[in-house]
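Working notes, structure below.
Keep in mind that what you see is a predicted model, and the values were worked out from it rather than measured.
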Amino acid sequence: MADRFFPNEMPNFIPETAEAEELAEKAQDSLTKLLHLPYKNVAKKIQKSALVLKEKIVEETWVAKGKRVSDYSLYTGALGTAFLLFKAYQVSKDRNDLALCLEITSACDLASRGSGRVTFICGQAGVCALGSVVAMHIGNERLCSHYLAQFKERAVVDDVIRSGHKMATGRCPLMYEWHGKKYWGAAHGLAGIMHVLMDMELKPDELEDIKCTLRFMIRNRFPSGNYPSSEGNESDRLVHWCHGAPGLALTLTKAAKVFNSEEFLQAAVDAAEVVWNRGLLKRVGICHGISGNSYVFLALYRLTGDMKYLYRAKAFACFLHNRAQTLISEGIMHGGDRPYSLFEGIGGMAYLFLDMTEPLDTRFPAYEL
């Protein structure tokens, strides 16, 4: 199990004090030095790195491919590069990033037509959503209307609830199946579906279904505090956004806010401890890597204001900034099957670095609202 993650030898918490800054100046180890720096200093440092990474990512995923789109998805394709460019624009206000973002999004729009894939992360919904936002920022109402018109109203929530009831057992009011498995995680399982449903207008009994489903998952977590990847799976291995404690932590943090619930907050805190202890993965990305796991601490910081969680997000980011590129080049850390993509590769790391400029505004990309 330990071969999936690096032992987390970083201090649990370092308060931001004058003494800590003095220790940063004296530290011989570069990671230790970073950990003792104030958050603002670290945010500026990693932002510079992110902007350099952004240029490399654009070169590899857009320019080197002749500005043609073979994969238009947000997950591993060109739309992920456009999404990163929009985040860079939000941070730096460089309108060249905004213009290039629109150019790539337009190419993704053409490539996605007729695909029949409507999902946000891997389908046309993501293209239309980003396209409409970028068009609004450049003041092009016609283009904005073009993208918005591609969304069609459907009774999605009713269908989701109905489907969940149909597959449910007596122990859990909602359950879903994908590729023959009843997944629990954020990418295509219970945690992700509950997360989305909490953004919808629901009836009291539907809200109760969500609460009872989350309680079912909490009751059936592993003794370690981690969560199964699917119903009946007894392998306590995965600590990813897509499977395991990180995705559950984000959903439970949201539930704590939506339902004003100490019960769900405590469960989120418990899941975050799993992420701190076992979430320093030997992978870099958003979906199943350190970059994605960092958002657990940022979400809890936004909800609680506890500086411990801001420090822990900073610690994971410092580890990435200090060691990721070297570890990837040495083959010790997996850079992703699509190494420049948003969800698998260093695109996600660059996005995290930019996102941390304003920690109270951070959101897991294409997931948290």
Flag the pair [X] / [Y] as yes when at least one side-chain heavy-atom distance between them is below 4.5 Å, and no otherwise.
X	Y	value
Met333	Val284	yes
His36	Glu16	no
Cys318	Val42	yes
Leu174	Ile193	no
Leu85	Val58	yes
Glu21	Thr17	no
Leu354	Leu84	yes
Thr61	Ser341	no

Atom [atom1] of [X] with >12 non-hydrogen neighbours under 6.0 angstrom:
X	atom1	value
Lys308	NZ	yes
Asn260	CG	no
Lys45	NZ	no
Lys40	NZ	no
Glu262	CD	no

May I ask you to decide whether [X] forms a salt bridge with [Y], counting only side-chain N to carboxylate O separations under 4.0 Å?
X	Y	value
Glu208	Arg215	yes
Arg283	Asp337	no
Asp109	Arg113	yes

Could you go through the salt bridge (charged side-chain N to carboxylate O under 4.0 Å, His left out) check for Asp209 and Lys203 one step at a time?
CA-CA 10 Å; Asp209 283 344; Lys203 302 168 188 172; over 6 Å; no
Please list, chain by chain and in numerical order, all residues satisfying ring-ring contact (aromatic ring centres under 6.0 Å, His included) with Tyr295, sequence neighbours excluded.
Phe364
Please enumerate all residues that pass ring-ring contact (aromatic ring centres under 6.0 Å, His included) together with His188, with sequence neighbours excluded.
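With neighbours one apart ignored, the set is Trp178, Tyr183, His243.
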As a quick check of understanding, evaluate ring pair (Phe, Tyr, Trp, His ring centres under 6.0 Å) for His288 and Phe343, giving each step before the final call.
CA-CA 8 Å; His288 34 266; Phe343 268 69; 9.1 Å; no
Mind running side-chain hydrogen bond (donor to acceptor under 3.5 Å, both in side chains) on Tyr147 and Thr105 for me, showing each step along the way?
CA-CA 11 Å; Tyr147 284 115; Thr105 303; over 6 Å; no
Under the side chain to side chain contact (heavy atoms under 4.5 Å, CB included) rule, what do Thr81 and Leu342 come out as? Steps first, then yes or no, please.
CA-CA 7 Å; Thr81 301; Leu342 182 66; over 6 Å; no
Start with the C-alpha distance between Lys65 and Glu59, add both sets of side-chain angles, then the distance that settles salt bridge (charged side-chain N to carboxylate O under 4.0 Å, His left out), and finish with yes or no.
CA-CA 8 Å; Lys65 293 182 179 295; Glu59 176 63 32; over 6 Å; no
Does the ring pair (Phe, Tyr, Trp, His ring centres under 6.0 Å) test come out yes or no for Tyr227 and Phe222, once each step is laid out?
CA-CA 6 Å; Tyr227 287 78; Phe222 292 123; 8.4 Å; no
Give the minimum heavy-atom separation between Met10 and Ala315, together with the two atoms involved.
SD-O, 3.6 Å
Minimum heavy-atom distance between Phe13 and Met307, given as atom pair plus value:
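In this case the closest contact between Phe13 and Met307 is CE1-O, 3.6 Å.
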If the condition is salt bridge (charged side-chain N to carboxylate O under 4.0 Å, His left out), which residues does Glu19 pass it with, not counting sequence neighbours?
none
When you measure from the centre of the six-membered ring of Phe6, is the NZ or CZ of Lys282 closer than 6.0 Å and no more than 45° off the axis?
yes
Phe259 six-ring face occupied by Lys211 cation (under 6.0 Å, within 45°):
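Here Lys211 passes the 6.0 Å and 45° test against Phe259.
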Could you point out which residue of Lys182, Arg171, Lys181 forms a salt bridge (charged side-chain N to carboxylate O under 4.0 Å, His left out) with Glu231?
Arg171
So among Lys254, Arg302, Lys257, which one has a salt bridge (charged side-chain N to carboxylate O under 4.0 Å, His left out) with Glu368?
Arg302
Working for ring pair (Phe, Tyr, Trp, His ring centres under 6.0 Å), residues Tyr176 and Trp184
CA-CA 9 Å; Tyr176 303 87; Trp184 281 30; over 10 Å; no
Output, in order, the C-alpha distance, side-chain angles, deciding distance and verdict of side-chain hydrogen bond (donor to acceptor under 3.5 Å, both in side chains) for Asn293 and Trp276.
CA-CA 9 Å; Asn293 286 357; Trp276 176 249; over 6 Å; no
When you look at Asp355 and Arg363, which way does the salt bridge (charged side-chain N to carboxylate O under 4.0 Å, His left out) test go after all the steps?
CA-CA 8 Å; Asp355 216 8; Arg363 298 291 187 277; over 6 Å; no
Without swapping roles, check the side chain of Ser112 against the backbone of Gln124 for a donor-acceptor pair under 3.5 Å.
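Here the side-chain-to-backbone pair does not exist.
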Test log, rule salt bridge (charged side-chain N to carboxylate O under 4.0 Å, His left out), inputs Arg221 and Asp270:
CA-CA 11 Å; Arg221 60 191 164 182; Asp270 294 343; 3.6 Å; yes
Walk me through whether Ser49 and His321 qualify under side-chain hydrogen bond (donor to acceptor under 3.5 Å, both in side chains).
CA-CA 8 Å; Ser49 294; His321 178 268; 2.9 Å; yes
